[in-house]
Amino acid sequence: MCFEIEGASPAEHTALLEALVADNTALLGPVRIGGRPGIRACVTNHRTTSGDIDLILRRLRGVSVPAAAVTPGRAR
């Protein structure tokens, strides 16, 4: 799944990815779709639960730039 953090610059997207790795939450990847920065989540572990995904989303919201929103599926 690819998504963007609305209002976040490419550098801010990178910082968010680094923050998730630094606190051992998740390893997500950068993506560019239509020239816009975003984040790519790829679940490969069959033991991943919806709670794991919720944790990632909560963590992203917690470290996101002010007034930014995590918007799954909005990458164009």
Side-chain angles (χ1 to χ4, degrees):
M1 170 175 75
C2 296
F3 55 94
E4 67 180 321
I5 306 297
E6 289 183 333
S9 69
E12 290 166 328
H13 276 91
T14 299
L16 292 170
L17 294 172
E18 290 171 354
L20 292 178
V21 170
D23 68 11
N24 293 314
T25 298
L27 177 60
L28 305 180
V31 67
R32 290 194 74 76
I33 298 175
R36 293 170 43 185
I39 295 174
R40 179 178 180 265
C42 178
V43 177
T44 58
N45 188 325
H46 69 278
R47 293 179 298 217
T48 301
T49 67
S50 59
D52 297 322
I53 303 302
D54 290 342
L55 171 65
I56 293 167
L57 292 174
R58 279 193 312 274
R59 187 69 186 115
L60 277 169
R61 288 181 183 114
V63 297
S64 292
V65 293
V70 177
T71 54
R74 294 244 6 254
R76 297 178 191 117

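The backbone N or O of Ile39 sits nowhere less than 3.5 Å from a side-chain atom of His13 that would complete a donor-acceptor pair.
With hydrophobic clusters built from ILVMFWY side chains whose heavy atoms lie under 4.5 angstrom apart, Leu17 shares a cluster with Met1.
The shortest distance between side-chain heavy atoms of Thr14 and Pro30 does not fall below 4.5 Å.
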Extract all donor-acceptor atom pairs below 3.5 Å that involve side chains of residues 51-58 and protein atoms in other chains or at least two apart in sequence.
{"from": "Asp52", "atom 1": "OD2", "to": "Thr49", "atom 2": "N", "distance (Å)": "2.8"}
{"from": "Asp52", "atom 1": "OD2", "to": "Thr49", "atom 2": "OG1", "distance (Å)": "3.3"}

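The two residues Gly7 and Glu12 have their closest heavy-atom pair at O-OE1, 3.7 Å.
Between Arg61 atom CZ and Leu16 atom CG the span is 12.5 Å, to the nearest 0.5 Å.
Among residues at least two apart or in separate chains, salt bridge (charged side-chain N to carboxylate O under 4.0 Å, His left out) pairs with a member in residues 15-31 are Asp23-Arg59.
Shown here are the side chain to side chain contact (heavy atoms under 4.5 Å, CB included) partners of Pro10, two or more places apart in sequence or in another chain: Arg32, Pro37.
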